[in-house]
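Naming: A, B, ... by sequence-line order, numbering from 1 per chain.
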Amino acid sequence: MSGILNSSIGRKFAMALSALFLMFFLLQHFSINILSVFSPETFNDVSHFMGTFPLVQYVLQPVLIFGVVFHFVMGFVLEIKNNKARRISYAKNNGGANSSWMSRNMIWSGAAILAFVCLHFYDFWFPEINTKFIVGDMSGLIDPNNAESGFRYYEELQHKFVDLWRVVLYVVAFVFLALHLLHGFDSAFQSVGANNKYTKGLKRFSKIYAIGIPLGFIFIAVFHFLNH
Amino acid sequence: MDMNLTLKIWRQKNASDKGSMVDYKVSDISPDMSFLEMLDVLNEQLINNDEEPVAFDHDCREGICGMCSLYINGEAHGPDRGVTTCQLHMRMFKDGDTITIEPFRATAFPVVKDLIVDRSSFDRIQHAGGFISVNTSGNTIDANATPINKEDADDAFSAATCIGCGACVASCKNSSAMLFVGAKVSQFALLPQGKIEATDRVLNMVKQMDDEGFGNCTNTGACEVECPKGISLENIARMNREYLAASLKG
């Protein structure tokens, strides 16, 4: 078992596990965000629970951050290693004849998603951490001194999607996310050794997930831009 | 109709030479010729002009030995599917075409001369575990005496059709050898004779593959498409399972 991460298959397996975890997280994130379209109150309640429940804050959140950092760092490490495996490029290479654009450009769609994650952290995560752990306001209220003011989460979400440029950036990022998932979803299953009679069905489901989830996030961003 | 073609071919005097693409013209090429026969015509022309002929690998010329390689117009073994370069016909090209011919590119496949690459890294992977230890003293049990599930026998046979040509490595954007190693691991892992040494086999072969400097598989599937023998990606998934199980045991 020792040194499994030093092997090509071990690294691939670890990359796939972090991908599966992140895809599960993405589904959970979407499930909560879509509530903001249908019921601001429910969205506020669930957001407050997620933002204050100790298991989520002190166990799942660090695991998530580790998963995100690991996936990005390992992605770049593998890219560097793979580039070393072919030091002289082909004068003519017809990659489109045997593989999808998405599969050949995971590093670029991944880099675009990384840039988006930085923006997303700047928009939501850093202010949230500041409010809770630096200012020390765990109330989740718009006015921490007034219990009647209501939770701040829905208002903050809407406020972020006032600017058109931000909505455009989010939409572009979700397109890259879709491109990344279109290869990454079933690729993760192949990497953990799951290629069997269910693979065809899995590939069909992966397309629904890879397009459906980013499209849902785009819908949420545009909805709040139009309804703020 | 016979064809006139322009060939852009990688010329490299030896392993340490820098190498470059050189243009050649060939005339009156029959569409019924194989690609290697077209190169024979070029070489005859070069020899008659007191020029150095183009060095390229070939042996059986019937798609079995895996010697012929060549990256033709951006694809391993050229634009046809399920064929080696020796089985590629000139009818796949048109009169007036420019054809780019390069050696298989991978750090683990260094160029020896022109279009010939050293694929002995594959041999070393095989030596690391691509075999079963059988007593051949005369008491060997008839293979047919061991019942084998038909599906497993078929899958093992499919994996065993890999000729080790290296098209998978050449086509992979990461120069990964996982389709080759996956096929070699699978052909034994599926059969009772291969199960005894299965743990050591997969660990040793994967270690050798990594030591040779092949890249990491990112599941683009290019290897499966370009493989002249249609080796399936299922073999890579099986190798992954075998490797992970062996790592837990070991």
Between the main-chain N or O of Asn216(B) and the side-chain N or O of Asn82(A), is there a donor-acceptor pair closer than 3.5 Å? yes
Can you confirm whether the side chains of Asn219(B) and Ser103(A) place a donor and an acceptor under 3.5 Å from each other? no
Would the distance check show the side chain of Tyr90(A) and the main-chain N or O of Arg105(B) forming a donor-acceptor pair, the cut-off being under 3.5 Å? yes
Taking the side chain from Arg86(A) and the backbone from Cys172(B), do they hold a donor-acceptor pair closer than 3.5 Å? yes
Measuring heavy-atom distances to chain B, does Ser89(A) have an atom under 4.5 Å in its side chain, in its backbone, in both, or in neither? backbone
Are the side chains of Lys207(B) and Ser7(A) in contact, using a 4.5 Å heavy-atom criterion? no
Ranking Gly215(B), Ala237(B), Pro103(B) by heavy-atom pairs under 4.5 Å to chain A gives rank one to Ala237(B)
Among Ala108(B), Gly19(B), Cys217(B), single out the residue with the greatest number of heavy-atom pairs under 4.5 Å to chain A. Cys217(B)
Donor-acceptor under 3.5 Å (Gln190(A) side chain, Leu233(B) main chain): yes
Looking at Glu226(B), is its backbone amide N or carbonyl O close enough to the side chain of Asn98(A) to form a donor-acceptor pair, meaning the two atoms are under 3.5 Å apart? no
Report, as yes or no, whether the 6.0 Å neighbourhood of atom NZ on Lys8(B) holds more than 12 heavy atoms from other residues, nucleotides or ligands. no
Would the distance check show the side chain of Glu102(B) and the main-chain N or O of Lys92(A) forming a donor-acceptor pair, the cut-off being under 3.5 Å? yes
Any heavy-atom pair between the side chains of Ile9(A) and Met178(B) that's under 4.5 Å? yes
Quick check for you: to the nearest 0.5 Å, what is the distance between Asn94(A) atom CG and Thr100(B) atom OG1? 11.0 Å
Using non-hydrogen atoms and a 4.5 Å limit, figure out which bit of Val169(B) sits close to chain A: side chain, backbone, both or neither. backbone
Please classify the contact between Pro79(B) and chain A as side chain, backbone, both or neither, with a heavy-atom cut-off of under 4.5 Å. neither
What part of Ile72(B) gets closer than 4.5 Å to chain A, counting heavy atoms only: side chain, backbone, both or neither? neither
If only side-chain N and O atoms count, and only distance matters, is there a donor-acceptor pair under 3.5 Å linking Ser8(A) with Asp210(B)? yes
About how many Å separate CZ of Arg104(A) and OG1 of Thr220(B), when rounded to the nearest 0.5 Å? 8.5 Å
